[in-house]
Amino acid sequence: MLTTRFPDGAPNWIDLGSPDLESSLAFYGGLFGWQPAPAGPETGGYVLLQLGGRTAAGAMALDPERGRAGWTVYFRCADALGTAEAAGVAHGAVVFWPTELLGLGRVAGLKDRAGAAFRVWQPDPVEGLDAATEPGALCWVELHTPDVAAAAAFYHRVLGVETSGVEFPGGVYTSLYPGGADEDAMFGGIVPTFEDPAGTAPAWLPYFGTDDTDATVARAAELGGSVRLPATSVPGVGRLARLADPHGYEFAVIKGDPAQTA
């Protein structure tokens with residue numbers, strides 16, 4: 001389970017790059033109840049998105065030189081430089097090398113061998129988000145990629161994460177959890193893109209919690225978003241849906257209540 005106790009290799013931050021930050025704040029505020037809190041002029045307009053005063057995500061206007069459109073998942077690491085070097089050795093790419101960020105930590109931008117973008121965060125002293133695994137907060141991350149085995153090997157080498165196969169009706173799901181932890185610490189999974197109904201390029205897809213998946217889907221449509229995968233019940237997992245915001249940036253929502261999937 002994804003928590004705010006962030007072991008190395010686990011997701012510890014997420015943010016959105018938007019070409020129209022004001023409209024994105026309105027959409028996600030209306031959908032999840034996030035309240036924007038400017039992080040300060042020294043951050044270049046970065047905004048913290050908060051639930052009851054706790055940070056659930058971040059957002060920024062796109063920077064053509066270093067920004068990335070849509071959602072970006074960050075993973076905790078103890079050594080950003082070593083992790084970036086490991087990504088290159090594992091046939092990934094370094095988008096930008098580790099940079100000290102306002103005395104809060106070190107961040108590096110990377111891509112895996114299939115081209116899926118992600119970032120790593122070395123805390124110093126900020127560990128990560130204040131909210132996780134609750135309605136309106138990040139609760140799962142999922143990599144959509146053409147080669148599950150190659151992706152699993154890459155992230156094991158770079159982030160130290162482990163994988164396990166979880167059986168469900170129709171197949172086996174490859175789950176991810178931090179190295180040295182047990183499977184109860186699962187925080188995400190890997191899905192082959194040929195099974196991806198949206199047919200998207202390799203990318204990390206964030207899941208946010210909700211207490212009513214169907215109502216969240218309807219609200220997203222009212223706010224100008226679109227549905228990429230309708231609300232679907234998965235036995236033993238919950239009821240989930242895949243959505244896109246008005247700019248086309250994808251995310252998913254889930255109510256993790258197995259009783260609702262019977």
Side-chain angles (χ1 to χ4, degrees), residues 11 13-39 43-51 55-75 95-96 107 109-112 114-119 121 129 131-132 135-145 188 191 193 196-210 212-232 240-254:
W13 195 266
I14 186 167
D15 59 24
L16 176 73
S18 172
D20 184 344
L21 185 56
E22 185 175 349
S23 69
S24 292
L25 296 180
F27 174 82
Y28 289 102
L31 191 65
F32 295 131
W34 290 343
Q35 296 295 317
T43 66
Y46 196 88
V47 176
L48 302 176
L49 305 175
Q50 299 190 320
L51 281 172
T55 301
M60 57 188 166
L62 286 179
D63 178 342
E65 294 185 359
R66 296 184 62 182
R68 177 178 178 272
W71 288 103
T72 300
V73 178
Y74 294 62
F75 297 87
V95 179
F96 64 88
V107 61
L110 309 174
K111 287 186 177 181
D112 67 21
F118 65 102
R119 291 182 179 176
W121 177 262
L129 300 171
L138 185 68
C139 62
W140 192 257
V141 295
E142 192 170 71
L143 177 64
H144 292 240
T145 187
V191 175
T193 50
D196 179 353
T200 56
W204 283 96
L205 179 73
Y207 280 67
F208 298 100
T210 178
D212 188 330
T213 302
D214 295 83
T216 301
V217 170
R219 181 59 176 157
E222 291 173 0
L223 292 166
S226 57
V227 179
R228 301 295 171 85
L229 176 68
T232 303
L240 58 90
R242 186 168 173 179
L243 307 171
D245 68 18
H247 298 293
Y249 304 143
E250 294 190 358
F251 62 100
V253 295
I254 185 169

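Quick caveat, the model's predicted, so the values are computed rather than measured. Start at 1 with the first residue, then count along the sequence.
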Which atom pair, heavy atoms only, marks the closest approach of L25 to L49? CD2-CD2, 3.4 Å
Please say whether more than 12 non-hydrogen atoms of neighbouring residues, nucleotides or ligands are located less than 6.0 Å from CD in E22. no
Residues V141, I14; criterion side-chain contact (heavy atoms from CB on, under 4.5 Å); working and verdict: CA-CA 10 Å; V141 295; I14 186 167; 5.7 Å; no
To the nearest 0.5 Å, what is the distance between CE (M60) and OG1 (T72)? 6.0 Å
OH-CG distance between Y207 and L240, expressed to the nearest 0.5 angstrom: 5.5 Å
Side chains of F208 and T210: closer than 4.5 Å at any heavy-atom pair? no
Carefully, step by step, assess V95 and L110 under the rule side-chain contact (heavy atoms from CB on, under 4.5 Å). CA-CA 5 Å; V95 179; L110 309 174; 5.8 Å; no
Grab the two heavy atoms, one from A114 and one from P202, that are nearest each other, plus how far apart they are. O-CG, 3.6 Å
Give, for atom CZ of R242 and atom OG of S226, the distance between the pair rounded to the nearest 0.5 Å. 11.0 Å
Taking the side chain as every heavy atom from C-beta outward, state whether Y46 and D15 have any atom pair closer than 4.5 Å. yes
Taking all atoms of both residues into account, what is the closest heavy-atom pair of W71 and A57, and its distance? CZ3-CB, 4.1 Å
Where is the tightest heavy-atom contact between E250 and P206, given as atom of each residue plus distance? O-CD, 4.0 Å
Locate the shortest heavy-atom distance separating A59 from L21; write the atom from each residue and the value. CB-CD1, 3.8 Å
Any heavy-atom pair between the side chains of L16 and Y28 that's under 4.5 Å? yes
Examine distances only and state if a side-chain atom of W34 and a backbone atom of G136 form a donor-acceptor pair shorter than 3.5 Å. yes
Who are the salt bridge (charged side-chain N to carboxylate O under 4.0 Å, His left out) partners of D214, not counting sequence neighbours? R239
So, taking the atom named CD in E142 and the one named CZ in F251, what distance separates them when rounded to the nearest 0.5 Å? 14.5 Å
For a 4.5 angstrom cut-off between non-hydrogen side-chain atoms, does W204 reach F75? yes
Is there a side-chain contact between V73 and L138, using heavy atoms and a 4.5 Å cut-off? no
Minimal heavy-atom distance between L62 and G17, with the atoms involved, is CD2-C, 3.5 Å
Residues forming a side chain to side chain donor-acceptor pair (under 3.5 Å) with T43, sequence neighbours excluded: none
Validation row: D112, L143 side chains within 4.5 angstrom (heavy atoms): yes
Check: V107 and F96 side chains under 4.5 Å, non-hydrogen atoms: yes
